[in-house]
Student: 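Before anything else, here's the structure in question.
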2 protein chains.
Amino acid sequence: MEPSGHLAEALRRAGYKLTAPRKAIVQVLEQEGKHLSSNEVLVLGRRIYPLLSRATVYRTLELLTNLGLIRPILLNDTAQRYVNGEGGHHHLVCSVCGAVFEFERCGIDRLAAELAERFDFRIRSHLLEFYGICRTCQTHA
Amino acid sequence: MEPSGHLAEALRRAGYKLTAPRKAIVQVLEQEGKHLSSNEVLVLGRRIYPLLSRATVYRTLELLTNLGLIRPILLNDTAQRYVNGEGGHHHLVCSVCGAVFEFERCGIDRLAAELAERFDFRIRSHLLEFYGICRTCQTHA
DNA sequence: TCATGTATTGAGACAATTTCTCATTTGGGT
DNA sequence: ACCCAAATGAGAAATTGTCTCAATACATGA
């Protein structure tokens, strides 16, 4: 997800204690890359710190979200998922089968700058999703 | 949400039965505009068709989603919400307080066309969200 | 190094949301 | 009007998220 230690360091710098549960959660987020649900974070985190509780996972994910380090995302699941809070995420999502295709390069930097100014908003990341029907589901219809 | 009768007509055309529960749900979606959760659809729908069951709401929302007529969206809630399946939705979301600002005009039509061709994907709608810190939360920090 | 105060945690109850099952009903073509 | 597959309601069950509170552990200063 990010250079190792990045999240832990940011937590510490923001004045939060670097506890064992938090280290485990942060390590999972940094290692496992993408689109983790809170339950996945719990399960993976318990491999590192077996006592890890569900509540702490939710608490820490909320904390990291408020700090802008991760952000929630909806991904054809009912479960909340989280991705890196910086930079962009670009998806094509099939509304029939739920398949997700990713792409790079969206060219909205100019728009971002304009909005940041207009709304006096400090932009950290963006999500651009196109919703529609994938090739496979088009032919099966 | 759309010209009246639009959703009902689309259901019928797709070969689904136009039952009383479905009529109620569809009427709610068309009247109430934006960001309805499944529970809101249930409550409002029961004003029209009191027997309406929770399961049917979920089933119908999934059906409409698969047809591309509505799409799920994440909106600082834990509940799934649904919006019109066509066109674009553009938000600035504050990661601290959850405030959502909307804006029009995103200028990504060209990108959409390019991706549709590249992935052979039939695009029906898009979501563009910027994530960051709003003016108020910047000053409170 | 150690004691201290506070932030943090775990456990589990609780609440909200979503899914599933199955007997019953109903829309719409014949 | 009849028929039957599609659709429904009711409620159980599963999943996801929230809350409380006593116990614990981090980080600071001595």
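We name chains A, B, ... by the order of the sequence lines, and we start the count at 1 in each one. Remember, predicted model here, so these are calculated numbers, not experimental data.
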Student: Roughly how many Å is it from CZ in B:R54 to P in D:dA12, rounded to a whole number?
Tutor: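 Those two atoms, CZ and P, are 14 Å apart.
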Student: Using a cut-off of less than 4.0 Å, is there contact between a side-chain N or O of A:S38 and OP1 or OP2 of D:dG17?
Tutor: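 True: A:S38 side-chain N/O within range (under 4.0 Å) of D:dG17 OP1/OP2.
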Student: Send over the distance from B:Y58 OH to C:dT21 P, rounded to a whole Å.
Tutor: 17 Å
Student: Which whole-number value in Å describes the distance from A:D77 CG to D:dG17 P?
Tutor: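 The distance from CG of A:D77 to P of D:dG17 comes to 9 Å, rounded to the nearest Å.
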Student: Rounding to a whole Å, what distance do you find between B:R12:CZ and D:dA6:P?
Tutor: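 Those two atoms, CZ and P, are 18 Å apart.
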Student: Tell me the interatomic distance from A:L61, atom CG, to C:dT9, atom C1', rounded to whole angstroms.
Tutor: 15 Å
Student: 5'-most contact on DNA chain D: A:Y16 or B:P21, nearest heavy atom basis?
Tutor: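 Here B:P21 is the residue nearer the 5' end.
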Student: Kindly point out which of D:dA10, C:dT9, D:dC19 is positioned nearest to the side chain of A:R22?
Tutor: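 Shortest atom-to-atom distance from the side chain points to C:dT9.
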Student: Let's go through B:H126 and A:H90 carefully: what are the C-alpha distance in whole Å and the side-chain angles of both, what is the deciding distance for ring-ring contact (aromatic ring centres under 6.0 Å, His included) to 0.1 Å, and is it a yes or a no?
Tutor: CA-CA 11 Å; B:H126 66 262; A:H90 314 114; over 10 Å; no
Student: Decide yes or no, distance alone: a donor-acceptor N/O pair under 3.5 angstrom between the base of D:dG9 and the side-chain of B:R59.
Tutor: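 It does, because a donor-acceptor pair links the side chain of B:R59 to the base of D:dG9 below 3.5 Å.
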Student: Closer to the 5' end of DNA chain C via nearest nucleotide, is it B:L18 or A:L63?
Tutor: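 First, find each residue's nearest nucleotide; the 5'-ward one identifies A:L63.
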Student: Look at the side chain of B:A79 and decide which nucleotide, out of D:dA10, C:dG28, C:dT17, has an atom nearest to it.
Tutor: C:dT17
Student: Salt bridge check: are A:E9 and A:R13 linked by an N-O gap of less than 4.0 Å?
Tutor: yes
Student: Mind calculating the distance between CD (B:E40) and C1' (C:dA16) to the nearest angstrom?
Tutor: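 These atoms are roughly 14 Å apart.
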Student: Salt-bridge test for A:E102 and A:K34: reply yes if a basic N is under 4.0 Å from a carboxylate O, no otherwise.
Tutor: yes
Student: Kindly indicate whether a cation-pi arrangement holds for A:R71 with B:Y131, taking the cut-offs as under 6.0 Å to the six-membered ring centre and within 45° of the axis.
Tutor: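 That pair qualifies as a cation-pi contact.
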Student: If you check the A:L51 side chain, which of D:dA27, C:dG10, D:dG9 turns out closest?
Tutor: C:dG10
Student: Side chain of B:T19 only, heavy atoms from C-beta on: which candidate in C:dT18, C:dG27, C:dA11 is closest?
Tutor: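 It is C:dG27.
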Student: For the side chain of A:T78, starting at C-beta, report the closest nucleotide among D:dT8, C:dT18, D:dA27.
Tutor: C:dT18
Student: Counting side-chain heavy atoms from C-beta on, which of D:dA6, D:dG9, D:dG17 comes nearest to B:L52?
Tutor: D:dG9
Student: Over how many whole Å does the gap from B:L42 atom CG to D:dG9 atom P extend?
Tutor: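 So the CG-P distance, B:L42 to D:dG9, works out to 10 Å.
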Student: In whole angstrom, give the distance that lies between atom CG of B:L74 and atom P of C:dT18.
Tutor: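 From B:L74 CG to C:dT18 P: 11 Å.
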Student: I'd like to know whether B:T65 forms a side chain to side chain donor-acceptor pair (under 3.5 Å) with B:Y82, so could you lay out the CA-CA distance, the side-chain angles of the two residues, the decisive distance to 0.1 Å, and finally the verdict.
Tutor: CA-CA 9 Å; B:T65 298; B:Y82 292 86; 5.0 Å; no
Student: Quick one: label A:S37 by what it contacts on the DNA or RNA (base, sugar-phosphate, nothing), any heavy atom closer than 4.0 Å.
Tutor: nothing
